[in-house]
Structure formats: C-alpha cells, structure tokens
Amino acid sequence: MTETGGTSGTASGDRTNDEVWIVGATGRVGRGVAARLAARGLTVVPVGRSRERMAAACAEAGLPADAKTVVADSAERIADEIVRGRPRVVVNTMGDYAVTAPVIARACMSGGGHYVDQANDVVAVEGLLALHDEAVRAGSTLVTGAGFGVLATEALVAKLCEERPAPHRVRVDSVASVDLEAGALGTALATGIVDALVMGGRRYENGRPVTARLGADPRRLTFPDGTSAKSAGAASGELIAAHAASGAPFVTATSALAPSSPLLRAVLPLLGRLLSVPALRRRAVGLLGRVTVKAAPRPREHSWGHAVVEWADGTRREGWLRAGEGMGYTADVTATVTELLAGGSSRPGAWTPAAALGPGLAATAGGTFVRDGPSPAPGSPLGDAPGEPQ
C-alpha cells in the first residue's frame with residue numbers, strides 16, 4: 001500500500017486522471033463501492049484517516065498490496081488533496097453531507113472532475129443541487145442521493161410520468177430491508193438520525209415545501225410478494241427528487257425509518273426542538289454514535305420503492321421497484337453511477353441519480369420494476385399494488 005499525504009497522480013493542467021477516490025473507504029458503503037469498482041477494472045484510491053483501517057479495506061476490496069491511498073482527517077484536508085490530485089471521480093461516503101458535500105464537490109469542480117454521494121436528507125440534497133450552475137460552468141457532474149431510497153422512488157416517479165403532463169399529486173414510499181452489522185453506529189449515521197429529528201417532516205403543498213410532523217400519515221404497505229411493513233412521513237431526499245421528477249404541486253414521502261407509533265410521534269417535536277440547540281445536538285451525536293448494535297439479518301428478503309401518481313383528470317398510476325438488501329443496493333447504485341461518470345456518460349450539472357442518468361439506472365444497478373395486481377389503466381407502464389392506510 002502506497003500512502004500519500006499529497007497526490008502524485010498523472011494529471012496535468014486542468015485535466016483529471018483516471019483515478020476514482022473513495023472517501024470513507026473503511027465504512028460499510030465505502031468498502032462495498034471500492035470492491036465493486038476494483039472488480040470492474042477501475043483505478044480505486046481509498047481515502048480515510050486511519051492507515052491501518054485503510055490497509056484492511058484495500059485487502060477486502062481486492063486491491064494490490066501497493067495500492068495508492070490518501071490519508072486525510074477532515075473534509076477540508078480531503079478537498080486540498082483532491083485539488084492537487086485531480087481524480088476523475090470522487091465518491092463521498094463519509095456522511096454529514098450537508099457539511100462535507102459542498103467542500104468536496106467544489107474541490108472536484110476545480111479540476112473538472114465528478115462527484116457522487118449517498119445523501120438522503122433535505123438540507124444536504126438541496127445544498128448539493130444548489131451547485132448546479134457552478135458544475136455546468138466547470139464541466140463537472142455532481143450526483144447526490146446515489147442510493148436505494150432516492151433512486152428507487154425517483155426512478156418509479158419518472159417512469160410513471162412518462163408521456164404525461166405534470167400530475168396533481170405524488171406519494172412515494174421507501175422501505176429498505178437492511179442487514180445490521182455489529183458495532184458502533186458511528187458519527188455519520190448518528191448525525192443523520194439527529195438531524196432528521198431536528199428537521200421534522202416536510203411535504204409539498206401547492207408547489208411549496210411546508211413543514212409537517214415527523215411520522216405523519218403512517219401506513220402499512222403490502223408489497224407484491226405478500227410481505228408488509230409500516231411507513232410514515234419524513235423530510236428526505238426522496239421528497240425532493242419526487243417533486244423534481246414529477247412537477248406535481250402536492251408531494252409526500254414516507255420511509256420505514258420514520259417513527260410510526262402514536263407515542264413516538266407525540267414526543268418527537270419536543271425532542272427535535274431540544275436537539276436544535278447546537279450544544280445538545282453535538283452531545284446527542286456523540287452519545288448516539290457510540291451506541292453499539294448487534295448483528296441482525298434483514299427483516300425481509302427485498303427492499304421496496306413505491307410510488308402513486310395521480311392526475312387532475314382522475315388518471316392514477318402506481319408502481320414498485322424491488323431491490324435486494326438496502327445497503328448492498330446502495331453500494332451497487334453508487335458503483336454504477338461512478339463507473340458511468342468515469343466512462344464519460346454524464347452531463348454537467350448537479351442532479352439526483354435518475355435525473356442525471358435516466359430512470360433505467362435503477363434496473364442497471366440491479367433493481368426490478370414490478371408489475372403486480374390488477375391490470376393498469378391504458379398507457380400505464382406499471383400496475384397496481386396498493387398500500388393499505390393504517
């Protein structure tokens with residue numbers, strides 16, 4: 001393993017080299033993406049703060065013993081290395097995307113490189129998309145939300161809206177089924193959980209984002225394979241992507257990760273207000289990040305994305321996207337997006353994944369669009385399999 005605090009690379013002038021840097025390469029998604037890209041023949045460079053952990057990540061990914069790595073311990077220092085090294089694509093898996101994504105993405109743009117992350121909170125996704133004009137001028141492609149939740153629902157909405165005017169109302173539901181790894185939750189996941197509590201819920205009404213209670217509109221969804229799960233309202237990247245893909249004035253998004261019990265929904269607004277105090281937020285993130293969990297198998301065989309699209313004339317379309325284990329599918333999505341960007345399949349700007357590369361990306365990454373239930377209305381690309389309100 002060749003460690004560098006700077007980067008030697010092969011780039012010169014304003015040209016990128018052929019390297020793909022994986023920031024946070026020792027984490028679960030980072031390890032999975034590195035292994036997938038290395039198996040596809042791309043030049044993978046792990047980036048992280050621990051030399052020892054990166055050595056183990058390199059071995060797990062099947063990288064050669066002398067593989068190049070970059071050691072840096074903050075988004076700002078990583079950005080400095082990116083400016084010097086000029087990789088073709090940088091994959092950010094380190095989390096806290098509202099803070100890290102703009103810093104790292106701008107470093108990528110300085111040399112015309114591309115950027116990918118798995119953000120799924122409103123602030124982070126909107127923040128990255130706000131860099132669209134900068135990315136166009138730089139000739140860079142920035143993709144946020146390259147994971148199960150955003151892509152599974154966004155791709156469905158895009159397909160359901162094909163060859164139709166903008167609908168009146170859209171609902172999307174993201175229900176991942178995840179194998180839990182034993183160990184501490186970590187700062188990245190803890191930050192996401194705390195920030196979701198602070199943000200609360202959100203929906204679109206008359207084309208404008210409005211606040212809503214976290215866990216609003218709980219529902220039990222019955223999937224095409226006969227299994228079921230609860231889902232409830234949340235502010236998420238799925239909401240932003242579904243609104244952009246459809247142009248609908250009324251949009252709601254739910255997630256299986258949102259609280260659905262009446263007791264939790266009652267106390268969460270107060271908890272969110274408390275955690276909005278910066279000192280309490282930092283304390284909560286620190287404590288939650290150190291919480292350890294036991295390994296556990298996923299609760300269902302499949303992860304499911306679901307969308308219902310309704311038009312003012314009464315037309316209704318509904319569809320499902322079936323994927324495997326949620327974290328594995330996220331790694332597949334990120335690796336597929338990264339490979340396409342590295343190969344030149346991109347257009348400058350800041351996008352969610354289906355907006356950047358089309359709704360077929362969900363199937364290319366291993367998902368399956370499912371037709372189930374009664375025959376759809378004429379022209380509908382996907383069939384009915386309704387969820388039941390609870």
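- In this structure, Thr364 contributes its side chain and Gly360 its backbone to a donor-acceptor pair below 3.5 Å.
- Distance alone, capped at 3.5 Å, places no donor-acceptor pair between the Arg347 side chain and the Val136 backbone.
- Counting heavy atoms from C-beta on, the side chains of Val337 and His114 never come closer than 4.5 Å.
- A donor-acceptor contact closer than 3.5 angstrom links the side chains of Asn92 and Thr100.
- Judged by distance alone, with hydrogens and angles left aside, the side-chain atoms of Ser140 form no donor-acceptor pair with the main-chain N or O of Ala135 at under 3.5 Å.
- Legend: residues meeting salt bridge (charged side-chain N to carboxylate O under 4.0 Å, His left out) with Asp173, ordered by chain and number and at least two apart, are Arg171.
- The closest side-chain heavy-atom distance from Arg164 to Arg317 is below 4.5 Å.
- Under the 3.5 Å distance criterion, the side-chain polar atoms of His132 are left unmatched by any main-chain donor or acceptor of Gly349.
- Of the inter-residue distances, the one linking Leu341 atom CG with Leu357 atom CG reads 6.0 Å to the nearest 0.5 angstrom.
- A donor-acceptor pair under 3.5 Å is absent between the side-chain atoms of Asp117 and the main chain of Val91, judged by distance alone.
- Arg106 is linked by a side-chain hydrogen bond (donor to acceptor under 3.5 Å, both in side chains) to Glu134, counting only residues two or more places apart in sequence or in another chain.
- The closest donor-acceptor contact from the side chain of Thr222 to the backbone of Ser228 lies at 3.5 Å or more, if one exists at all.
- Residues satisfying the side-chain hydrogen bond (donor to acceptor under 3.5 Å, both in side chains) criterion with Glu339, sequence neighbours excluded, are Arg40.
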task = Carefully, step by step, assess Leu361 and Leu340 under the rule side chain to side chain contact (heavy atoms under 4.5 Å, CB included).
result = CA-CA 10 Å; Leu361 173 67; Leu340 290 169; 4.1 Å; yes
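- Considering only residues two or more places apart in sequence or on other chains, Val291 meets the side-chain contact (heavy atoms from CB on, under 4.5 Å) condition with Leu185, Leu288.
- At distances below 3.5 Å, at least one donor-acceptor pair connects side-chain atoms of Ser303 with backbone N or O atoms of Gly324.
- Arg219 is not listed as a side-chain neighbour of Thr254, based on a closest heavy-atom distance of 4.5 Å or more.
- Across every non-hydrogen atom of Ala105 and Leu131, the tightest pair is CB-CD1, 4.2 Å.
- Once rounded to the nearest 0.5 Å, the distance linking CG of Leu280 with CG of Leu274 reads 6.5 Å.
- Taking CG of Leu321 as the start and CZ of Phe148 as the end, the distance is 7.0 Å to the nearest 0.5 Å.
- Shown here are the side-chain contact (heavy atoms from CB on, under 4.5 Å) partners of Ala355, two or more places apart in sequence or in another chain: Glu154, Trp351, Thr352.
- Ring geometry, Phe223 versus Trp304: the interplanar angle falls under 30°, so the pair is classed parallel (tilted spans 30 to 60°).
- The main-chain N or O of Gly32 is found under 3.5 Å from a side-chain atom of Arg36 such that the two form a donor-acceptor pair.
- Counting all heavy atoms, side chain and backbone alike, Thr144 lies closest to Pro353 at O-CD, 3.1 Å.
- Remark: Glu205 engages no residue in a side-chain hydrogen bond (donor to acceptor under 3.5 Å, both in side chains) (not counting sequence neighbours).
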ask   = What do the steps show when you test His302 against Val370 for side chain to side chain contact (heavy atoms under 4.5 Å, CB included), and what is the final call?
value = CA-CA 12 Å; His302 303 299; Val370 176; over 6 Å; no
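- Val103 and Val99 fall into different hydrophobic clusters, where Ile, Leu, Val, Met, Phe, Trp and Tyr side chains are chained together by heavy-atom contacts under 4.5 Å.
- Listed by first and then second residue, the salt bridge (charged side-chain N to carboxylate O under 4.0 Å, His left out) pairs that reach into residues 349-363 come to none, sequence neighbours excluded.
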request  = Show the numbers, then the answer: is there a side chain to side chain contact (heavy atoms under 4.5 Å, CB included) between Met109 and Tyr115?
outcome  = CA-CA 8 Å; Met109 288 189 282; Tyr115 169 90; over 6 Å; no
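- Counting only heavy atoms from C-beta outward, the side chains of Ile22 and Val44 approach each other to under 4.5 Å.
- Listed by chain and residue number, Asn120, Ser174, Ser236 satisfy the side-chain hydrogen bond (donor to acceptor under 3.5 Å, both in side chains) test with Glu238 (two or more places apart in sequence, or in another chain).
- In this structure, Leu156 CG and Trp320 CH2 are separated by 9.5 Å, a value rounded to the nearest 0.5 Å.
- Rounding to the nearest 0.5 Å places OG1 of Thr334 at 9.0 Å from CG of Leu37.
- Checked by atom type and distance alone, the side chain of Thr26 never pairs as donor or acceptor with a backbone atom of Met54 at under 3.5 Å.
- Linking Ile, Leu, Val, Met, Phe, Trp and Tyr whenever their side-chain heavy atoms come within less than 4.5 Å leaves Val143 and Val150 in two separate clusters.
- Applying the salt bridge (charged side-chain N to carboxylate O under 4.0 Å, His left out) test to Arg322 and every residue at least two apart in sequence or in another chain returns nothing.
- In this structure, the side-chain contact (heavy atoms from CB on, under 4.5 Å) partners of Glu310, at least two apart in sequence or on a different chain, are Arg169, Val308, Arg316.
- Side chains of Val70 and Trp21 form a contact here, defined as non-hydrogen atoms less than 4.5 Å apart.
- Ion pairing between Arg298 and Glu325 fails under the 4.0 Å rule for side-chain N and carboxylate O.
- The nearest pair of heavy atoms linking Gly367 to Tyr329 is N-CE1, 3.4 Å.
- Remark: Leu180 pairs with Ala296 by the side-chain contact (heavy atoms from CB on, under 4.5 Å) rule, at least two apart or across chains.
- The stretch residues 226-252 participates, sequence neighbours left out, in these ring pair (Phe, Tyr, Trp, His ring centres under 6.0 Å) pairs: His168-Phe250, Tyr204-His243.
- Across Leu63 and Ala38, no two heavy atoms sit closer than the pair CD2-CB, 3.6 Å.
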task = Go through Gln118 and Val29 one step at a time and tell me if the side chain to side chain contact (heavy atoms under 4.5 Å, CB included) criterion holds.
result = CA-CA 9 Å; Gln118 305 79 40; Val29 172; 4.2 Å; yes
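- When all heavy atoms are compared, the tightest approach of Ala242 to Val157 is O-CG1, 4.0 Å.
- When all heavy atoms of Ala25 and Thr93 are compared, the pair lying nearest together is N-OG1, 4.4 Å.
- Atom SG of Cys108 and atom CZ of Arg86 lie 11.5 Å apart (nearest 0.5 Å).
- Under a 3.5 Å cut-off, the side chain of Arg88 and the backbone N or O of Glu19 do not form any donor-acceptor pair.
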